Amino acid sequence: MRNIAAVVVCFALAPHNAESLEDSVCEDLEPPIIDLFGSTLDSGAILDATLSGTGSGVFYLSNCGYLCDLMALESEGAFEDSLSGLFNAGRSDLSSWSSKSNSRGYIKAGGESGVRSKFYEVKEGYEYGCSQLKDDASRRNKWPRMLPQDTIVSLDSLFEELQALKNLLIEKVFAPYLNTKATTVLNPEDWERGRSIDLVRLFNYLECDNSSYLPELGSSPHTDWGLITIILQPPSSPPALQLHHLETGTWVDVPPKAGTVVVNAGDFLQILSHVNHEVDETFRSPLHRVQHCGDTGGARKSVVFFSYPRPEMSLHLIKNDIVKKVTKASRSSEEHHNTLLAEDYSKYDYFGDWINEKWKGVSTET
């Protein structure tokens, strides 16, 4: 359960005006660490961490096999070296660059921003998905020509490991909570076939140099748009990921912890929990950012896995009253941030069309 005393202390110390909230960080509300114990999940602890009445929407997961081992101190050197090689190769090979027609590939520094008119994002990235979609030009992975084949194989294996953890968490924890005897809102095919649009996004946060006329951030304030997100942060990286604590209006550090990955709920998972009126509480899709400049300056790398429902999933189940409830539940003192519902869903019949437009919207390419 949430540390109520910490909430009270943070609220008492928090500045109570919108402008000063930008620099307000409370260190006493870190998300809980939940031990996976092989394949045994503590569903209650995960629900406590992600439901709106008891949690922030975020938790650390330890003992999760390969992914947690990858984030061990002894593994991070080789891990970061392989990412550096990918960024170096992508930077010099224009054929591997991402575009609005195919968002796979290298993302140049400043190539995207969640709130383009307000923040310059000081990072470069690389985005890829399922390697089996070679016949779909819009989702075909684009690798630099000079990238070694064994690196591509390793990245494909990373995608499959992330898929496996996603499937375990949704099948054992989130879907059973969402589905009741009378109402089923998330079927196995909904999340399993989401692999066709699931994304791994690799980020290299660069030194802040104040070259932009806009305020610089690693990532501007946003919520994630899908079902769940899994984040890998090398343990010796400076703390930069921050969670906006809704009740106190403070930013809470989510620092790297050796041997763990970070998991958070997404907007569509939150929406689905509003669809089934029989569930007691709804999930919370947390507002977060990467505050990379100032005291946290310096190179930092991370891996972020975004999981989505199948692209053919109908949006007809979403009603205007649900949207109003979700918007109210996510309301924050932060004026500028990007959420799934910032794009009008009523223009689309299926989730895949909706999410494609969202990704196009963050690109700074004209």
Side-chain angles (χ1 to χ4, degrees), residues 70 76-129 140-148 151-152 154-156 158-159 162 199-222 224 229-234 236-242 256 262 288-294 296-306 338 358-366:
L70 200 60
E76 71 170 330
F79 173 76
E80 291 206 4
D81 287 346
S82 65
L83 293 188
S84 294
L86 173 63
F87 290 122
N88 290 336
R91 211 177 293 128
S92 59
D93 185 350
L94 292 178
S95 68
S96 70
W97 283 34
S98 174
S99 67
K100 284 196 174 183
S101 60
N102 180 347
S103 60
R104 306 299 190 266
Y106 174 75
I107 305 164
K108 67 179 181 180
E112 65 177 29
S113 176
V115 190
R116 288 185 294 177
S117 63
K118 297 296 180 182
F119 300 105
Y120 178 83
E121 298 191 2
V122 192
K123 67 184 179 189
E124 60 182 346
Y126 214 99
E127 177 177 77
Y128 72 99
R140 187 183 302 137
N141 290 332
K142 294 191 289 189
W143 301 113
R145 286 167 291 190
M146 300 302 292
L147 191 68
T151 300
I152 298 174
S154 295
L155 291 169
D156 285 339
L158 177 61
F159 180 87
L162 289 161
L199 291 173
V200 177
R201 309 192 89 216
L202 315 167
F203 292 119
N204 182 29
Y205 296 94
L206 306 169
E207 296 280 356
C208 299
D209 58 8
N210 299 311
S211 59
S212 172
Y213 68 92
L214 294 171
E216 295 182 346
L217 282 174
S219 286
S220 48
H222 65 281
D224 293 337
T229 300
I230 303 170
I231 304 169
L232 279 62
Q233 304 183 97
S236 64
S237 297
L241 177 63
Q242 292 180 336
V262 176
H288 53 285
R289 70 181 183 183
V290 177
Q291 178 74 349
H292 183 58
C293 302
T296 64
R300 175 183 182 270
K301 296 179 176 65
S302 67
V303 175
V304 185
F305 174 71
F306 297 99
N338 192 315
K358 286 296 298 182
W359 282 119
K360 289 178 183 178
V362 300
S363 173
T364 59
E365 179 188 340
T366 56

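Every value quoted in this text rests on a predicted model; they were computed, and no experiment measured them. Note that these values count all heavy atoms, side chains included, but never hydrogens, waters or copies made by symmetry.
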So [Y] and [X], do their side chains get closer than 4.5 Å, heavy atoms only?
| X | Y | value |
| --- | --- | --- |
| Tyr126 | Ile107 | no |
| Ile231 | Val303 | no |
| Asp224 | His288 | yes |
| Val262 | Ile230 | no |
| Leu202 | Val304 | no |
| Pro148 | Thr151 | yes |

Pair Val290-Gln242, side chain to side chain contact (heavy atoms under 4.5 Å, CB included): steps then yes or no: CA-CA 6 Å; Val290 177; Gln242 292 180 336; over 6 Å; no
Worked check of side chain to side chain contact (heavy atoms under 4.5 Å, CB included) between Arg300 and Asn204: CA-CA 6 Å; Arg300 175 183 182 270; Asn204 182 29; over 6 Å; no
Residue list, salt bridge (charged side-chain N to carboxylate O under 4.0 Å, His left out) with Glu80, at least two apart or on another chain: none
Once you round to the nearest 0.5 Å, how far does [atom1] of [X] lie from [atom2] of [Y]?
| X | Y | atom1 | atom2 | value |
| --- | --- | --- | --- | --- |
| Leu162 | Leu199 | CG | CG | 11.5 Å |
| Asp93 | Asn88 | CG | CG | 12.5 Å |
| Ser84 | Phe79 | OG | CZ | 10.0 Å |
| Leu83 | Leu155 | CG | CG | 7.5 Å |
| Ser98 | Tyr128 | OG | OH | 15.0 Å |

Phe159 and Phe305 aromatic ring geometry - parallel, tilted or perpendicular at 30°/60° bounds: perpendicular
Whether Trp359 and Phe306 hold their rings parallel, tilted or perpendicular, with breakpoints at 30° and 60°: perpendicular
Residues in side-chain hydrogen bond (donor to acceptor under 3.5 Å, both in side chains) contact with Ser92, at least two apart in sequence or another chain: none
Donor-acceptor side-chain pairing of Glu121 and Ser220 below 3.5 angstrom: yes
Ser237 vs Lys301, side chain to side chain contact (heavy atoms under 4.5 Å, CB included): CA-CA, chis, key distance, verdict: CA-CA 8 Å; Ser237 297; Lys301 296 179 176 65; 5.9 Å; no
Over-ring placement of Lys123 relative to Phe203, 6.0 Å and 45° cut-offs: yes
Do you know the tightest heavy-atom contact between [X] and [Y]?
| X | Y | answer |
| --- | --- | --- |
| Pro144 | Ser96 | N-CB, 3.8 Å |
| Gly129 | Asn141 | N-OD1, 2.8 Å |
| Ser95 | Lys142 | O-CD, 3.9 Å |
| Ser219 | Arg289 | O-CB, 3.4 Å |
| Pro234 | Ser302 | CD-CA, 4.4 Å |
| Gly85 | Leu147 | O-CD1, 4.4 Å |

Sidechain N-carboxylate O distance under 4.0 Å for Glu124, Arg91: yes
Donor-acceptor contact below 3.5 Å, side chain Trp97 vs main chain Gly90: yes
